[in-house]
Structures are given as C-alpha cells and as structure tokens.
Amino acid sequence: MKSDDVLLQKNVRIEREKDKRERDEFVQRMLDRDQNKTRQKSNDETVVADDGEEMNLDRLRTESRRVYLKKRQEREVTLLKQSLEDEEELFRNQKLSTTERKRIELGRKIIKMVEKNENEDENQDDGFYRLPDEYDEKDTKDAQDQARLSSRYVEDKREKSEQELWEESQTRKADITHKKKKPSNEKQYDLVFEDQIDFVMQETTKGYDKRDKKHSKVKEMIKKEDEDDKLVALKPITEHEKILAGRKKLPVFPYREEFLAAVKDHQILVLVGETGSGKTTQIPQYLHEIGYSELGKIGCTQPRRVAAMSVAARVSQEMNVKLGKEVGYSIRFENCTSEATVIQYMTDGMLLREILTEPDLSSYSCMIIDEAHERTLHSDILFGLVKDIVRFRPDLKLIISSATMDAEKFSKYFDDASIFMIPGRMFPVDIFYTKSPEADYVDAAVVTVLQIHVSQPVGSGDVLVFLTGQEEIETATEILIQRTRNLGSRISELLICPVYANLPSEQQAKIFEKTPKGARKVVLATNIAETSLTIDGICYVIDTGFNKQKSYNARSGMESLVVTPVSQAASNQRAGRAGRTAPGKCFRLFTAWSFQHELDANTIPEILRTNLGNVVLMLKSLGINDLIHFDFMDKPPADALIRSLEQLYALGALNDVGELTKLGRRMAEFPLEPMLSKSVICSEKYKCVSEVLSTVAMLSLGSSVFYRPKEKKIMADTARMNFARGGGGDHATMLRCYTDWASTDYSDGWCFENFVQVRSIRRARDIREQLENLCERVEIDKTVSKPDDNDALLKAITSGFFYNVAKLGRTGDYQTVKQQRTVYIHPSSVLSKEEEPPLWLVYFELAFTTKEFMRQVAPIDPSWLVEIAPHYYQQSDVEDSKAKKMPKSKSRGR
DNA sequence: GAGCACTGC
C-alpha cells in the first residue's frame, strides 16, 4: 500500500503533458520490447507475419459482415423493384384499389431511400474497405445468383395471367381466408411480407444409427444379454441396475477400450463427440474406473453453472455415491466437493480461479475441457494456460472435447494432437431454405409458424423459433395471438410461450410444461435455447438467421450489442434442436445461397470482441508478462490489449514497465472488472467499505434490477424514484435499494412492492457476500462504514472510474473528458429527468445503441478528480469549468 | 424518452 501512495505522490509532481508523454512512452516501450522479442523469435518462427495477418483477418471479418448486410439489402431492393414493376402493370390497368396504389408509392420511396443511402456508403467506402480479390469474386457470384433469381421471376410472371394476379391481390385483402391455403409453389408478389413462404428442402442431417455399425452390433449384444437375463431370472432389477444398463446403451460405450488406450498413448487428445453421445458423463467415469483417480482428481469443465451441477448429480447417481463425496462440483458461490472427491465438475471460470492458486494443477491427473467449441472467454484463456502446463507436467492427461467442426483447429493448436471420434445420438433433421430472401424475418417467422401449424398434423411436435431479443419476441407473440384469434376455431389450439433470460422464472417454467393433446406449443426464444436450456418435444425449428452479439471497439472503449447474422455452426446447432426426440424439420428464413456464401463458418470467439481488462490482469497475476505473444488460439487485436494495459497502468495496477504492482495483485483477487476492484480497495480510504461493497455488487449485475412491466410503468418509476431521493445519482439509488431490501431481512414481498427483480437482487447479495469474504484476504477492514454519506461513496467510486468522467458542455450535451466524445445520459438513469443536470458526472459504462449513452451515472465534484487522480487531472481542468458554471446554469433556460 | 443476446468469476 505504501508503494502505491508513493506512486501517487510522485505523479502529483508530474506536469500533465509530461505525464501524457510518459504514458505514450510506456505504451511505446511495451510495443518495442515485444517487437524486439518478436525479432529474436522470428528467426525460427514467423510471428510477425502471423500478427499482421491476424489484424487483417479481423478487419476481413468486419468487412465480410458489412458486405453481407449490404448485399442482403441490395437483393431485397431488386426483389422489391420486381414486384413493384409487376404491380405497376396492374396500376396502369386500373385494377388496383387506392390502398394498394399508396403501397406502391411507398415502395418507390423506400427504394429511393435505400439507393441513396447506398450511394453515400459507397463514397465513404472508397479506398478504405475494398478488398480486391475476394470482393470481386463474391460480386460475380452474387450477380450470377441475382440473374438466376430474376430469370425465375420472369418465368413465373409468364405463367400468371393478369386475371390471376388481380385475384391474388384481392386475396391479400382478405386476411383470414388466405391463411388457410395449403402451401403452394405460386410466388405471390408482395411488398410487405404477409403471405405464404416458399421453402426448398436442401439437405438432411445425418441420423446416427445407419452409419454406426459398431454401435448396432453392441446394441444387439446388449439386447441378447437382456433377453438372457430375463430368461435366467425374473427377479425385479433395482433402480441402480437400470441406470447401469442405460450406461451401456450410450453411443460412447462401444468405444470405451479404444478410448482408454488412446489416452494411455497420448497426453493430449481432442475428443469429438456429437451431442447425445454421453461423453460428458461417461468419460470421467471411464478414467476413474481404470485408476487415473488414484493419481489425482479428474476434472471436467463446463461453460455453464447448471450444466456442471446437473452432470455431477447424474454421475453421482450412476456411481451410486452421494453428491459432493466422490463426485462433486464447484461453481461460484457453491463448492460441493470434499476430501473424497475424485471426479470434479466445474465451470471454466472456476478452474481459472483455481489456477491462480494452483498454477500447475497438481491435484489433477486428468483435465477435460468440455464444450470447447463454444469458445467462451474463459475456455480460450484456459487453452493457452493448459497447453503450457502440459509441457512441464508430462503425467497430466488433457482431453479437449468439442463438436465436429473445430476438431482440426484444436488438434493443430495443441501440437497436432490426435482426434478421437464418437458418433452422437441424433435423429435426422430435414433442412429447408427459403427460395428468396425475406425482408422482415419476424413476420416471416410468424407466417412460417402458422404454415407449420396448419399443414403438419397436430401432435407431430412443437415449434421452436429463434429470434434476437425480448422486443422481437414480444411483437411476434402479439402478432401470433392476433392472427390465431382471427382464425378462431378453424385451427387447433396454439400455445405461445416466450423465453428469454430476463423473463421471470415462473413464466420461463411454462415452456417445460407438457403440451396438452390436440394443441401445439410454439416457443419463441432468444439464443438462450441454443445451448442453455433444452426443451423436449421440439420437432420444428424456425431459424431467422440472426442473433444479438456483443462487439467491442477498443479505440473508443465502447461496447455495443448488434443484431448480427449467425454463423453456419450456430445455425446447425439450432437445427439440431429439432432432432432430439424424433426426426425433425428446420426452416431457415434465408436462402441456401446465403448460408453457403454469406454466413461465417464459425462464430467469432468472445475473446476477440470483448474488453480484456480482466483477462490482462489475471494473466499478469499469473506471471505472464508478454501478453502480445501469449499463445492464444485466436489472438485478440493488439489495440484491445494495449488499451487494457494502459487502463491498468492508469489505475495503478501496473507499474511503468508493465509489471503487476501490489495494488494490482490485490485487485486480481476480486472477481470483478478492474475498475470495480479498485473502487472496493479504495473504499477503505474513504471509510465506506460496506456501502461500496453493496453498490459494486449491484453494479456488477449487468442486467437491470428494476423491473418495469408495460402496464405499470408509472408505478414502477415512482417506486424507483423513492430510492433516488437523497441524491447521489444511480449509484446511491442502487445502494439505497439494496440496504432497504437488506433491512427487511431480504424479503420477497418487499421486492414485489418496489418493482425489484428478486432474482437479480438475490444475486447481488451472493456477490456481496463473496466480496466481503475476499476483503479479509486482501486485508481490507470491512467494518468501516459511513451510512448516508454520498460523497464518501462517490469518491470511492471515482477512484476506480476517474477514466469515465463527462462534463456538461455549452450545448447542453456531455463530453467525455478523456476523448472529448459527445455522450448522453441514458434515459433509464434517475438523472435523466433532472431539471438541472449536474456539471460533472462519473459513469459506469458507455453503450452504443441509438446514441452513445452513459449508463449508471452519478454527479461528482470536479475537485475530487485532482485529489483522487492527480496523475490524470490538473487544477486547471477543474477551474476552467467552474468559470463556465455561473453564466451557464442561468442562460440555459429549460 | 430509450430498450438489456447469453454466459462466467
């Protein structure tokens, strides 16, 4: 701690410019050092080239998405034009109603607008993004495709007489009747999508049984055994025996001996097991049975908490032991293991934390990294670490378990490790594509649902629709309810169940209820249904081809959530959801051509699109100093790494040669973003540890604690404003909310009355407890507290977030102090309605949606900045604004 | 007066 103070004092003396220069030098030094190392290395390796290529690749990916969206738009316009031309002929013949005339005019306008935008785009693009080879090649392909598309349209056009077209336009008006039509091959020329969609069946995913002779042989064997058993003794079998028999029927079972032999021969093994092969439950047991558990624990990581828990429970049942004894799991807030544990399931983040205290994994004899293809941030770091550990621990067996697509890549990364394949247990799924692109995928999805419901027998299976977010799900639900109501009793019952993570859990439970006879269930889900939860009875999947993805811009430090086309891998994963219990069908709302040419093969790994502050701090505290050349499977952009290093330096977690300081070491102990950790550590100085802990716990929740149902918006808002009374912005609001809840002895009823999400705030409580326990380890006296002192709280917050300060400018907008970027208070903030907005703000995060918004803001006194971060702020910065303050607050009449 | 996909420590 003393050294930190010295550092701060030293910094006081540094002039601001000098300081800036120093920072630049620091970054430069880091770069130089790394480059020198590269040069040394590059004699035998071509790291430099790799590095450059990596950057280009990244740019390529962004570019390909741009091209994708643009092309999609272009084709929509072409189609729009064609259908318009068509209708125009009718227009001339005076056979259209006035509404349809209006619609055509509207269509023309849209086309003009889009074309205008495109031209602007092109002008901007010149010289920047054009990537000669690939772009041109794609262009021609696209042109061919379009030519093909249009020729089809010409043919279609000839087939239809004017009379028919007129009839069709009449049919369109009669909304109810046309829905009952059977799917046909006639294409209807619609501007707005509201009719049938044509699908083409393109392929069928392979089922498991036919290609797997080995498996069927064993099945016969078991069947025979079973029959023998029945003949020999008719005694009832116990529950456990039944489970054991079930184990033998899993697709992995016939490969047991082969697999164990492979493990014996190879230290690293890439295991390709398709879904339903039983690998997650069986492999650790096999390793245990053959005796690896005597050398050390068998670990198995999962990307999700629930998975770790449920798999551990299942395995303990199979082994007939109590959960938490021989078989256990460890996840955040819950350690269900003991001295006796030999098979341990855990989340990948938990293993990372474990590596911090046990860098060589010495208590393990085998480590299985499951679901590696998901490429979570945590598992990506694990790959790098584990690859290194394996080198100096030849006795450690490493198994990387992944789905089919990435196996080669994993094998290559792990020094050409051998690949072991296990077939899965999946039913075939027919894949359908649309004949032409759909403009409005939400509407298209709704129509497809109705099409399936009408044309497929009820009882043949439920429908699962993938949409991008809560809003879309809500609109889709409304449209569906309305249309089914219009159809009335002419169709059988359709149960509509929305699912997304923010939905209260009682409503989420609805999707698991069994579908009553004579009805069909439609589940409208976000990508939560892709991996996190499985629903039985789904036989039809509708894939819109989009999801929301986080992206991070290192230069501006801004995260944004964007609707993005899914990858081929993700789309296949979605399709797979239809074939879990019976053969299924998957309807993709895009063309087969787009699937092949426009979708990326794999989703961009998380590590390439996230803020790396935490990752860098963790690696540094593991003693890995050369981050630029850390063996990442996909290297994060150098920009992002440097920005994180710079930020950690500013926070005092790194010294001027990029080494971890004592403060940094303490910060790394907390499972928090670096800025939040810093606030916690500094809270002791301002004597408000308890308050900061609660606030930080609430801040780190991510999602909103305040529940806001549509029909009770005003009540919910007033409830929230109650907490805002007393000032201190969103931070103090959250704190008061938490303390009030705590004072009611954590009552659920209180949450209900105050429109607070029970699930979220309970999580805050867990986090707070965990942080409190960690305080002891980093020697923070957690008892000091200053209730109702906003200044103390905000000073502690500011010591972590002095980077995120914005100042009210003359125009009435805020500008960030660091980058002079114009930003706005998010409307969800309690300060957004303030008559007189504070001059200086500290914000928790920037999020780009429609504008650049600051989320979770609090007013501060600019003089604190000089006090707290003298190496960043100078007296002159602060005085400057005080001078402006007097005339402005009056002249800016609101 | 806008909008929060999903995990995880």
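To find a chain, count down the sequence lines: A is the first, B the second, and so on, and within it residues start at 1.
Nucleic acid contact class of Asn527(A) (heavy atoms, under 4.0 Å, all strands): base. Phe853(A) comes within 4.0 angstrom of the backbone, heavy atoms only, and of no base. Among the heavy atoms of the strands lying under 4.0 Å from Leu561(A) is at least one base atom, whether or not backbone atoms are also near. When heavy atoms are screened at a 4.0 angstrom cut-off, Thr526(A) is found touching the sugar-phosphate backbone but no base atom. Across all strands shown, Gln470(A) has heavy atoms under 4.0 Å from sugar-phosphate atoms exclusively, and none from any base. Residue contacts for Arg855(A): at a heavy-atom cut-off of 4.0 Å it reaches a base atom on one of the strands shown. Across all strands shown, Ile331(A) has heavy atoms under 4.0 Å from sugar-phosphate atoms exclusively, and none from any base.
With dC9(B), dA5(B), dT7(B) as the choices, the nucleotide that has an atom nearest any side-chain atom of Lys548(A) turns out to be dA5(B). Side chain of Arg353(A), nearest nucleotide from dC9(B), dA2(B), dT7(B): dC9(B).
Using a 4.5 Å cut-off on side-chain heavy atoms (C-beta onward), Tyr329(A) and Met346(A) make no contact.
The distance between atom CZ of Phe333(A) and atom C1' of dT7(B), rounded to the nearest whole Å, is 13 Å. One atom, CD1 of Ile381(A), and another, P of dG8(B), lie 15 Å apart when rounded to the nearest Å. Taking atom CD of Gln757(A) as the reference point, atom C1' of dC4(B) lies 11 Å away to the nearest angstrom. Separating the OH atom of Tyr329(A) from the C1' atom of dC9(B) is a distance of 17 Å, rounded to the nearest angstrom. As rounded to whole Å, 9 Å separates atom P of dA5(B) from atom CD of Glu474(A). For Leu701(A) and dG8(B), the CG to C1' distance is 13 Å, given to the nearest whole Å. The nearest whole Å value for the distance from the NZ atom in Lys550(A) to the C1' atom in dG8(B) is 10 Å. As a whole-Å value, the separation of Arg375(A) CZ from dG8(B) C1' is 17 Å.
Side chains of Ser330(A) and Asn335(A): no donor on one and acceptor on the other come within 3.5 Å.
The stretch residues 305-314 of chain A participates, sequence neighbours left out, in these salt bridge (Lys or Arg N to Asp or Glu O under 4.0 Å) pairs: Arg314(A)-Glu318(A).
For the ring-ring contact (aromatic ring centres under 6.0 Å, His included) test, no residue two or more places apart in sequence or in another chain qualifies with Tyr364(A).
One finds a side-chain N or O of Thr347(A) lying less than 4.0 angstrom from the OP1 or OP2 phosphate oxygen of dC9(B). OP1 or OP2 of dT7(B) has not a single side-chain nitrogen or oxygen of Arg332(A) nearer than 4.0 Å.
A centroid separation of less than 6.0 Å is found between the aromatic rings of Tyr441(A) and Phe546(A).
In terms of position on DNA chain B, the residue among Lys851(A) and Asn614(A) whose nearest nucleotide sits closer to the 5' end is Lys851(A).
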